[in-house]
Amino acid sequence: RPAPQLSAIRDHFPILAQTVHGKPLVYLDNAATTQKPLAVLDAMRAFELRDYANIHRGVHALSQRATDAFEAAREKVAAFVHARSADEIVFVRGATEAINLVAQSYTRPRLQPGDEVLVTAMEHHADIVPWQMVCDATGAKLRVAPIRDDGALDLQALPELLGPRTRMLAVTHVSNVLGTVNDVASVAQLAHARGVPVLVDGAQAVAHLPVDVQALGCDFYVFSGHKLYGPTGIGVLWGRAEMLAAMPPYQGGGDMIRSVSFERTTYADPPTRFEAGTPHITGAVGLAAAIDFVQGLGWDAIAQHERTLLERAQSTLSRIPGLRIYGTVPDKIGVISFNIDGLHAHDLGTIADAEGVAIRAGHHCAMPLMKRYGVAAMARSSLGVYNKEDDIDALVRAVRKAQVMFAA
Ligand code: PMP
């Protein structure tokens, strides 16, 4: 298959070439999940047709080929995030599982009553609830770093919140609601100066900007394949080698052991220690193909394309009377959450759907952030590489139509 070009990108996504409710599909729900290009679907199908078997077990040819493909995917992910070694890459189900793994295995044993875990006001529930669970179990407290009205993290408030009892700081790289790109390197520096480890939720970052975990200076970085044009059910925990080495297993089972007897079991080294049971082998193959796909497009081309569309959307939407956009920092990525006076976000979403426009409406798994802005819900349009100017115009037409319908 020829290398993808942004100009002909839609040819790689046959799912986009359909009508819904009699209208051409306009897919603007990429922050929820992205569509898969043919290259990803082909790679998964070819693997299942030729090489599929269980990994790390058999001496037979298929098992060796499947193991090679799985481990090659690990190498690809390591290079993608600039890890020092593929041993720092743990395959998990997704960002959610990765955060739970770190919360339970790294943080929980280090929490005493009165200790603190610091998150930010813009976290997704996946980066709140696992920390709340370990705090509840140990008598530790969850603290929250505030954001400014424009959707930027309030960096000035951080030093005071990073106290002698802080045991972990968890922060999103990119907000799934506001589009804010956090200055994670500065946050990590502040935290490390006080001896606090840092987990970065990269779920919304990896499809939009290059990630270098060493330059970011964090200790853990997590993401999901399905927001990067790859499959669901596969995700990544990157952990600094020293951190992973200091962590007990998260789940027990096959594949994660060195030896087992009824008296005593010894565990394998990372990353195997954290990969109990048969993983989503084909998913890892699909994720590797997705990484090739975005790297083939190039970060500069992706950023430029998405910026053009974001600016078009922001300038046209903001001319609609009574429309408020949440998240207005200049260098945000292509997520636009908004509300219109007198109109419920769900009604907006439903009317947009009738026009063929797929957007999300609701709390976006960020109920505390909704509360911060004093709303129950927002409508959200989020961009991917295959969106085009017509998509933005269709969105704006749908929003205007909803406004007219509800004004009547
Ligand atoms: N963090 C953020 C910022 C997200 O947007 C999401 C997905 N909506 C997640 C974490 C959780 O990802 P997953 O559901 O794939 O585990």
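Atoms considered below: every heavy atom in the structure, side chains included; atoms not considered: hydrogens, waters and symmetry mates. Indexing begins at 1, ligand by ligand and atom by atom, following the structure's order.
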How does His226 reach ligand 1, by side chain, by backbone, by both or by neither, if only non-hydrogen atoms under 4.0 Å count?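 His226 to ligand 1: side-chain contact only, backbone stays beyond 4.0 Å.
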Report the distance from atom CZ of Arg108 to atom CG of Leu111, rounding to the nearest 0.5 Å. 9.0 Å
What distance separates Ser382 OG from His208 NE2, expressed to the nearest 0.5 Å?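 With rounding to 0.5 Å, OG (Ser382) is 7.5 Å from NE2 (His208).
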With sequence neighbours excluded, what pairs up with Arg194 under the side-chain contact (heavy atoms from CB on, under 4.5 Å) test?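 For Arg194 the side-chain contact (heavy atoms from CB on, under 4.5 Å) partners, ignoring immediate neighbours, are Pro159, Leu162, Leu190, Val196.
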Applying side-chain contact (heavy atoms from CB on, under 4.5 Å), name anything that partners Lys401, two or more places apart in sequence or on another chain.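 With sequence neighbours excluded, Lys401 shows a side-chain contact (heavy atoms from CB on, under 4.5 Å) to Glu355, Met405, given in chain and number order.
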Going through the checks in order, is the side chain to side chain contact (heavy atoms under 4.5 Å, CB included) test met by His124 and Leu369? CA-CA 9 Å; His124 186 279; Leu369 185 60; over 6 Å; no
For atom 2 (C) of ligand 1, state which one of Ile234, Val92, Thr172, Asp201 supplies the nearest heavy atom.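 Shortest heavy-atom distance from atom 2 (C) of ligand 1: Asp201.
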Option of least heavy-atom distance to atom 12 (O) of ligand 1 (set: Ala366, Gly202, Ser224): Ser224
Can you see whether Thr272 engages Glu275 through a side-chain donor-acceptor pair at a distance of less than 3.5 angstrom? no
To check your reading of the model: name the closest protein heavy atom to [atom], its residue, and the distance in Å.
atom: atom 11 (C) of ligand 1; result: Thr96 OG1, 3.5 Å
atom: atom 5 (O) of ligand 1; result: Gln204 NE2, 2.7 Å
atom: atom 4 (C) of ligand 1; result: His124 CD2, 3.3 Å

Looking only at heavy atoms of Lys227, does any of them come nearer than 4.0 Å to an atom of ligand 1?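 In this structure, Lys227 qualifies as a contact of ligand 1 - some heavy atom is under 4.0 Å.
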Minimum side-chain heavy-atom gap Val200-Trp238 below 4.5 Å: no
Within the 4.0 Å heavy-atom shell around Ala203, which atoms of ligand 1 are there? 1 (N), 2 (C), 4 (C), 6 (C), 9 (C), 10 (C)
Looking at Asn176, which atoms of ligand 1 are within less than 4.0 Å of one of its heavy atoms? 5 (O)
